[in-house]
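This report refers to the structure that appears directly beneath it.
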Amino acid sequence: MTTEAPLDEAQVRVRIAPSPTGDPHVGTAYIGLMNLVFARQRAGKFVLRIEDTDQTRFVAASEQMIFRSLRWIGLAWDEGPDVGGPYGPYRQSERTEIYRRHVDLLLANGWAYRAFETPEELETMRRGQLAAKLPPRYNGAARHLTPEQVEANLAAGKPCTIRLKVPAEGSTTFRDELRGDITFDHANVDDQVLLKSDGYPTYHLANVVDDHLMRISDVIRAEEWISSTPKHILLYQAFGWSRPRFWHMPLLRNLDKSKISKRKNPVSLVYYQQAGFLPQAMLNFLGLMGGGMPQPTEQQIVSSGLNTKEADIFSLTDMLARYDFNRISLGGPVFDLTKLKWLNGEYLRRLSPEQFFAALRSTVLSDTYLAEIAALIQTRIETLGQFGDMTGFLLADNVLPTPEIFLPKKRSLEDTLTFAADMLPALEASAWEHDALDAALRAIGQEKNWSVKETFMLLRAILTGSTQSPPLLESLIVFGKARSIDRVRRFLAFELDRLKRNANAKPLVTSP
RNA sequence: GGCGUUAUGGUGUAACUGGUUAACACGUCGCCCUCUCAAGGCGAAGAGUUCGGGUUCGAGCCCCGAUAACGCUACCA
């Protein structure tokens with residue numbers, strides 16, 4: 001019976017495994033919170049592991065930002081790259097040797113094979129299948145390579161990947177703790193690449209190996225992973241390991257119900273911090289996503305003298321006491337800024353005047369921020385009293401230029417909005433420093449045949465709400481990437497919406 | 001296209017093991033307070049539980065079938 005199991009077998013260990021590919025994501029914070037609550041409720045350990053196996057998407061500063069942002073909303077991990085722990089290293093790029101060894105094991109026992117197709121060949125294969133209305137899958141050709149052929153390819157120095165040999169027949173069933181049994185036919189499971197040709201593992205391999213080696217008991221992750229879970233189960237089997245429990249949490253959504261994305265929502269934790277959301281409000285809001293927190297009963301409300309609205313207001317401590325993983329509702333919750341703002345307002349009002357002032361001084365009016373702004377305008381004002389005249393856009397949240405400001409008479413609204421929309425990915429991709437931004441903006445202007453002046457003017461209008469401002473690039477840098485991009489996004493959303501409203505209103509006006 | 005998951009007002013969630021007029025919060029609207037705007041107080045509208053069948057005295061809760069949304073379908077995670 002389970003009572004005989006050694007203690008550490010019973011120990012709950014969970015983990016989050018963010019990838020340092022950009023700004024820390026609200027989804028990471030959400031899953032992190034769930035993991036933290038789960039662990040703390042069961043006297044378990046919460047591990048942070050960095051999944052930096054994709055060299056092409058690696059962003060150097062990202063890891064530190066992840067640490068800072070997660071700590072900011074109040075998540076504390078027991079083990080991780082920065083705090084150490086008995087099962088390290090906790091950065092996958094430092095574990096490549098481990099994956100190599102394990103993949104050799106699979107090669108030896110026939111659960112994996114080498115494949116020599118180039119990415120281009122795979123791409124044409126995929127396109128062909130799609131064109132023929134077939135499911136795009138690897139055709140398994142390399143399974144039939146003879147040992148001699150493999151040797152010859154290797155000797156010729158041909159790069160190769162190592163793929164999982166998914167059984168041709170049968171199916172894999174696993175239990176999702178929130179949904180029950182889920183079954184996948186092997187016919188629908190692809191021969192997943194486990195080791196890339198650059199020697200790094202893919203998520204699937206690294207994840208399973210690390211979860212096992214780090215003795216993870218419960219994998220609490222987002223729903224998007226359900227379809228790859230059979231691959232993971234197969235790997236556990238191939239290694240002869242027992243598998244953890246799986247809890248797939250619902251996916252956070254945009255207003256239109258698609259998976260939350262930066263095109264439609266601010267998703268960077270850095271944004272929320274810089275825009276002046278309080279971490280406790282953020283945490284509270286994430287705790288609301290997907291249910292799990294029992295509503296206080298009528299009796300509890302009466303006996304504790306609470307206002308009914310306080311049912312939605314709770315701290316991490318409350319969550320540890322009351323959060324119930326059996327009560328999670330599986331429909332993907334919309335990440336609704338409106339409610340988050342209401343919550344944040346509630347928390348703001350509960351601060352003492354001193355705390356409130358301190359909160360201002362540590363964020364939107366911090367010395368460092370003000371110093372950066374000051375540097376921008378020293379040569380541009382004549383009295384200190386004019387400080388606010390030129391810097392309001394850096395202190396305000398909602399800045400929307402009127403058409404007179406952002407739309408020169410000779411240009412159409414459509415062209416302008418299209419251009420602004422194209423700026424978004426360009427800004428997103430750019431490093432947030434002068435030369436990179438300058439190059440990015442000039443490049444996109446050239447592409448569209450806009451003069452540098454026109455390009456900069458449009459962005460200036462969007463960022464500052466005015467045609468005159470401190471230098472654009474410096475202003476962008478001071479305001480920050482997350483907030484600047486959000487400002488462009490909001491401008492677009494507003495104008496597109498206005499366009500739509502006008503179009504709808506048109507029938508009322510006599511058409512030409 | 002294939003596979004998987006999900007489905008309660010605009011949004012987040014409730015509704016004890018099927019049992020009276022589907023509850024709370026956000027948002028919206030109105031009123032009160034008020035020099036304004038918020039906050040606060042009071043009130044209203046808004047879903048018959050995606051749709052169609054079935055079981056049952058009785059179904060949001062159980063069964064069957066549709067539909068839709070979402071996710072995955074990469075040498076990304």
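A straight line from NZ of A:K257 to C1' of B:U6 spans 10 Å, rounded to a whole angstrom. If you measure from atom CH2 of A:W342 to atom P of B:A25, you get 9 Å, rounded to the nearest angstrom. The nearest whole Å value for the distance from the CD1 atom in A:I260 to the P atom in B:U11 is 15 Å. Atom CE in A:M125 sits about 17 Å away from atom P in B:U73, given to the nearest Å. Atom-to-atom, CG of A:D312 to P of B:G12 comes out at 13 Å; the value is rounded to the nearest Å. Look at CG on A:L288: it is 6 Å from C1' on B:G12, rounded to the nearest Å. A:L343 has its CG atom 9 Å from the C1' atom of B:A25, to the nearest Å. Between the CD atom of A:E120 and the P atom of B:A74 there is a distance of 16 Å, rounded to whole Å.
Rounded to whole Å, the separation between the C1' atoms of B:G9 and B:G48 comes to 10 Å. Look at the P atom in both B:C37 and B:C72: the space between them is 47 Å, to the nearest Å. With both ends at atom C1', the span from B:G41 to B:U13 equals 25 Å, rounded to whole Å. One C1' atom belongs to B:G2, the other to B:A44, and the distance between them is 49 Å to the nearest Å. If you take atom P in B:A38 and the same atom in B:G27, they sit 12 Å apart, rounded to whole Å. One P atom belongs to B:C63, the other to B:U5, and the distance between them is 15 Å to the nearest Å. Atom name C1', nucleotides B:C51 and B:G60: the rounded distance is 14 Å, in whole Å. On the C1' atoms, B:G4 is 40 Å away from B:U20, given to the nearest whole Å.
The side chain of A:S329 approaches B:A14 more closely than any other nucleotide in the set B:G12, B:A14, B:U6. For A:P333, the side-chain atoms get nearest to B:U13 when compared with the rest of B:A77, B:C72, B:U13. Checking B:C26, B:A77, B:C3 against every side-chain atom of A:F184, the shortest atom distance belongs to B:C3. Distance from the side chain of A:K339 is smallest for B:A25 among the nucleotides B:A69, B:G40, B:A25. Side chain of A:L251, nearest nucleotide from B:G27, B:G71, B:A77: B:G71. Residue A:T53 places its side chain closer to B:A77 than to any other of B:G4, B:C75, B:A77.
Checking A:Y90 against A:D82 by side-chain atom types alone, no donor-acceptor pair falls below 3.5 Å. With hydrogens and angles left out, the side-chain atoms of A:D218 and A:W247 include a donor and acceptor closer than 3.5 Å. Defined by atom type and a distance below 3.5 Å, a donor-acceptor pair is present between the side-chain atoms of A:Y347 and A:N284.
Comparing A:D190 and A:L255 by the nucleotide of RNA chain B whose heavy atom lies nearest to each, the residue mapping closer to the 5' end is A:L255. Residue order along RNA chain B, read from the 5' end via each residue's closest nucleotide, puts A:D185 first among A:L330 and A:D185.
Residue A:M65 holds its CE atom at 11.5 Å from CG of A:L70, rounded to the nearest 0.5 Å.
Remark: A:S227 is not in phosphate contact with B:U5, judged by side-chain N or O atoms under 4.0 Å from OP1 or OP2. Between A:K259 and B:C72 there is a side-chain N or O to OP1 or OP2 distance below 4.0 Å. Between A:K341 and B:G27 there is no side-chain N or O to OP1 or OP2 distance below 4.0 Å. Look at A:R327 and you'll find a side-chain N or O under 4.0 angstrom from OP1 or OP2 of B:A15. Residue A:R126 places at least one side-chain N or O closer than 4.0 Å to OP1 or OP2 of B:A74. Proximity of A:K231 to the phosphate of B:G4: no side-chain N or O atom is located under 4.0 Å from OP1 or OP2. Between A:R137 and the phosphate of B:C72, there is no side-chain N or O to OP1/OP2 separation shorter than 4.0 Å.
Consecutive Watson-Crick or G-U pairing (both distances under 3.5 Å) extending over three or more pairs maps onto RNA chain B as B:1-7 with B:67-73, B:10-13 with B:23-26, B:28-32 with B:40-44, B:50-54 with B:62-66.
For the pair A:F357/A:L365, no side-chain contact is recorded, criterion being any heavy-atom separation below 4.5 Å from C-beta on. Under the 4.5 Å side-chain criterion, counting only non-hydrogen atoms from C-beta, A:Y271 is not in contact with A:K481. Two residues are said to be in side-chain contact when any heavy atoms from C-beta on lie closer than 4.5 Å; A:V59 and A:D23 fail this criterion. Within the 4.5 Å cutoff, no side-chain heavy atoms of A:D312 are placed close to those of A:F285. Under the 4.5 Å side-chain criterion, counting only non-hydrogen atoms from C-beta, A:L33 is in contact with A:M319. Counting only heavy atoms from C-beta outward, the side chains of A:Q192 and A:R163 never approach each other to under 4.5 Å.
Between A:K339 and A:D336 there is no salt bridge, since none of the side-chain N atoms of the basic residue sits less than 4.0 Å from a carboxylate O of the acidic one.
Heavy atoms of A:Q129 sit nowhere under 4.0 angstrom from any nucleic acid atom. Among the atoms of the strands shown, only primed sugar atoms or phosphate atoms (P, OP1, OP2) are found under 4.0 Å from some heavy atom of A:S258. A:T118 comes within 4.0 angstrom of a nucleotide base, judged by non-hydrogen atoms across all strands. If you check every strand for non-hydrogen atoms under 4.0 Å, A:M293 touches nothing. Looking at heavy-atom distances under 4.0 Å, A:T56 makes no contact with the nucleic acid at all. Among the atoms of the strands shown, base atoms are found under 4.0 Å from some heavy atom of A:L122.
For A:T338 against B:C26, no side-chain N or O and base N or O form a donor-acceptor pair under 3.5 Å.
For RNA chain B, the neighbouring residues in residues 154-176 of chain A, judged by any heavy atom under 4.0 Å, are A:T161, A:R163.
With its glycosidic angle more than 90° from 0, B:G53 is assigned anti.
Residues A:D397 and A:R487 share a closest heavy-atom pair of O-NH2, 3.6 Å.
Taking the six-membered ring where the residue is Trp, A:Y138 and A:Y113 present parallel rings, their angle staying beneath 30° rather than reaching 60°. In this structure, A:F239 and A:W241 have parallel ring planes: the angle between them is below the 30° cut-off, well short of the 60° mark.
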Contact pattern, 5' to 3', of nucleotides 44-50 of chain B - B, S or - by protein heavy atom under 4.0 Å:
-------
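Open room surrounds NZ on A:K262; 12 or fewer heavy atoms of other groups in view lie less than 6.0 Å from it.
Tested against A:D78, the residues A:R40, A:R13, A:K45, A:R15 include a single salt bridge (charged side-chain N to carboxylate O under 4.0 Å, His left out) partner, A:R40.
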